[in-house]
**Q** 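Let me begin by handing over the structure; questions about it come next.
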Amino acid sequence: MNASQSMVFSLVAVGILVCLPLIGVTAGMTSLFGVIIPYAAVVVFFVGIVARVVRWARSPVPFRIPTTCGQQKSFPWIKADNLDNPSDTKGVVLRMILEVLLFRSLFRNTRLEFYDGPKIRYASAKWLWLGAIVFHYSFLVVFLRHLRFFTEPVTPLVTLLESVDGFLEVGLPRLYISGLALLAGVTYLFLRRVSIPQLKYISLPSDYFPLFLIFAITATGLLMRYVFKVDIVGVKELTFGLATFHPVVPKGIGVLFYIHLFLVSVLFAYFPFSKLVHMAGVFLSPTRNLPNNSRMVRHINPWNYPVKVHTYEEYEDEFREKMIEAGLPVEKKE
Amino acid sequence: MYDAKKIVPGILIFVVLFTFPLWSNMGKAAPAPKPELPKTEKVCVMDTAYMKTEHMVLLNQWRDLVVRDANRLWVGPDGKEHFMSLQNSCMKCHSSKVKFCDQCHNYAGVKPYCWQCHIEPKENM
């Protein structure tokens, strides 16, 4: 599919996903959309992720891939870069922490520029890094804030997050910065994809669909909080029922809530089969999680089959007489 | 499977973390809150369904009308006049914050910051 086809396809897919609960819940299928689908989605999420990780773990990584940006450890008088080219576990753990929490690889993103005719230069390009940080961290805060629907009494963590997130005290219900930041982040990630021609060229439905899905989830969430309010107490009865395995479906929760819940269910179920599984995959990146110790440790290829060898001694044993006859030098005469 | 010594704990940490809502509440059933409604009055300033979900919007409007426009009288949709005030109107009918507002708010995990300045009604329990 080309770029516009991919975009239209993903847009239509998300549109259909919005319509399904709209029609279903209006027709009274509240327990399907409120209980059965969320449970099924969560089961798919866990089974899918674990299966995916186990599948990754079954592929051998027989050698180290030192795509690093620093000096390897060698002579004591050459300064080694222990963070970018670690040779031990400690360095790797530090590198992984920086990677997972601060997206260090993305920080190194560069842009190729032409200037003065055919000359090129590489410039630093930090916007993607910034957008990713904003997107992921606001998503994390929003995600954690939702724990208020799944704990009773509500964990102090949520109360703390709410007071920090809403410290601007703008409007009632008070504005949470994370919600806006998430919307801005996902919008930026989309605009970036369509405004850079090279990026647009390689974008597929599997790139647009998660973006549109997350956009729709964010939009329905914000609408529910600030514009078309739903009965929050009823919502918590439903979600808490799910968490304690005593599902109940209170009457009179707005349909917007079911749309939101259905889109989130789709996100959960889609997660293990999509690019989103980089949440687990980042921990298994061989270029990040292996120390560069190729020169210190011998790594044996686990799929090596026993190779049939024919050593020189055996060769000589086999052909000794003929060699002596032909006057060739042999190591063992007789 | 390679590196099972790292993969298995990793998977366990993931599953335990992400199922936090399931195991942290195990066996606990939390009944929905029952805010104690006023005994002497029959109706709120707006209809109940609206009040349930949008009372904070109304409070915000009241606050703006009073503080910015110096307008303290408000006529409800039923034609009844109300004195716009958090302490002297809402809390006159809903005389207990603990038994009314807090019931829902604790359940929904919201902590309105209003009471840093506004004075809560005295609770006579």
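Residue numbering restarts at 1 for every chain, and letters A, B, ... go by the order of the sequence lines.
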**Q** Tell me, for B:Asp3 versus chain A, whether the close heavy atoms (under 4.5 Å) come from the side chain, the backbone, both or neither.
**A**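 For B:Asp3, no heavy atom lies under 4.5 Å from chain A.
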**Q** At a 4.5 Å cut-off on heavy atoms, which part of A:Phe45 comes close to chain B: side chain, backbone, both, or neither?
**A**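 The side chain, not the backbone.
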**Q** For the pair A:His146 and A:Phe149, name the ring-plane relationship: parallel under 30°, tilted 30 to 60°, perpendicular over 60°.
**A**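 Taking A:Phe149 first and then A:His146, their aromatic rings sit tilted (interplane angle of 30° to 60°).
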**Q** Keeping the roles fixed (side chain from A:Asp165, backbone from A:Tyr176), state whether a donor-acceptor pair exists under 3.5 Å.
**A**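 Checked: no pair found.
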**Q** Of all the residues in residues 275-294 of chain A, which have a heavy atom that comes within less than 4.5 Å of a heavy atom in chain B?
**A**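 The residues closer than 4.5 Å to chain B, in numerical order, are A:Met279, A:Leu284.
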**Q** Counting the benzene-type ring for Trp, do A:Phe33 and A:Tyr258 have ring centres under 6.0 Å apart?
**A**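 Between A:Phe33 and A:Tyr258, the centre distance exceeds or equals 6.0 Å.
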**Q** Flag the pair B:Tyr50 / B:His55 as yes when their ring centroid distance falls below 6.0 Å, and as no otherwise.
**A**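 They do not qualify: ring centres at least 6.0 Å apart.
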**Q** When rounded to the nearest 0.5 angstrom, what distance separates SG in B:Cys104 from CG in A:Asp231?
**A**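 One gets 8.5 Å once the value is rounded to the nearest 0.5 Å.
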**Q** Would you mind checking which part of A:Arg55 comes under 4.5 Å of any heavy atom in chain B, side chain (CB onward), backbone (N, CA, C, O), both or neither?
**A**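 Nothing of A:Arg55, per the 4.5 Å heavy-atom cut-off to chain B.
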**Q** Chain A heavy atoms under 4.5 Å from B:Phe18: which part of the residue, side chain, backbone, both or neither?
**A**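 Contact with chain A is through both the backbone and side chain of B:Phe18.
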**Q** B:Leu22 versus chain A, heavy atoms under 4.5 Å apart: side chain, backbone, both or neither?
**A**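 Contact with chain A involves both backbone and side-chain atoms of B:Leu22.
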**Q** A:Val61 versus chain B, heavy atoms under 4.5 Å apart: side chain, backbone, both or neither?
**A**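 The answer is neither part of A:Val61.
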**Q** Is it the side chain or the backbone of A:Glu152 that comes within 4.5 Å of chain B heavy atoms, both, or neither?
**A**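 Both parts, backbone and side chain.
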**Q** Pick whichever of A:Gly252, A:Gly234, A:Pro173 has the most heavy-atom pairs under 4.5 Å with chain B.
**A**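 Top option by heavy-atom pairs under 4.5 Å: A:Pro173.
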**Q** B:Ser95 side chain to B:Lys92 main-chain N or O, any donor-acceptor pair under 3.5 Å?
**A**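 Such a contact is absent between B:Ser95 side chain and B:Lys92 backbone.
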**Q** Identify which part of A:Ser163 has an atom lying under 4.5 Å from any heavy atom of chain B, answering side chain, backbone, both or neither.
**A**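 Neither part.
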**Q** With no hydrogens and no angle check, just 3.5 Å: does a side-chain donor-acceptor pair link A:Ser105 and A:Glu99?
**A**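 A donor-acceptor contact under 3.5 Å links the two side chains.
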**Q** Can a donor-acceptor pair be found, under 3.5 Å and without considering hydrogens, that links the side chain of B:Asn25 to the backbone of B:Pro21?
**A**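 Such a contact is found between B:Asn25 side chain and B:Pro21 backbone.
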**Q** Report the distance from atom CG of A:Leu222 to atom NE2 of A:His260, rounding to the nearest 0.5 Å.
**A**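 Between A:Leu222 CG and A:His260 NE2, I get 9.0 Å after rounding to 0.5 Å.
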**Q** Under 4.5 Å heavy-atom distance to chain B, tell me which part of A:Phe143 shows up: side chain, backbone, both or neither.
**A**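 For A:Phe143, the side chain is the part near chain B, not the backbone.
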**Q** In terms of heavy-atom pairs under 4.5 Å with chain B, which of A:Val233, A:Thr239, A:Thr159 leads?
**A**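 Most heavy-atom pairs under 4.5 Å with chain B: A:Val233.
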**Q** Using 30° and 60° as the class boundaries, would you call the ring planes of B:Trp74 and B:His82 parallel, tilted or perpendicular?
**A**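 Correct class here is tilted.
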**Q** Do B:Phe14 and A:Phe46 have their ring centres less than 6.0 Å from each other?
**A**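 Yes, ring centres under 6.0 Å apart.
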**Q** Would you please say whether a donor-acceptor pair under 3.5 Å links the side chains of B:Ser85 and B:Arg72?
**A**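 Looking only at side-chain atoms, B:Arg72 and B:Ser85 do not form any donor-acceptor pair under 3.5 Å.
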**Q** Tell me, for B:Val8 versus chain A, whether the close heavy atoms (under 4.5 Å) come from the side chain, the backbone, both or neither.
**A**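 No part of B:Val8 comes within 4.5 Å of chain A.
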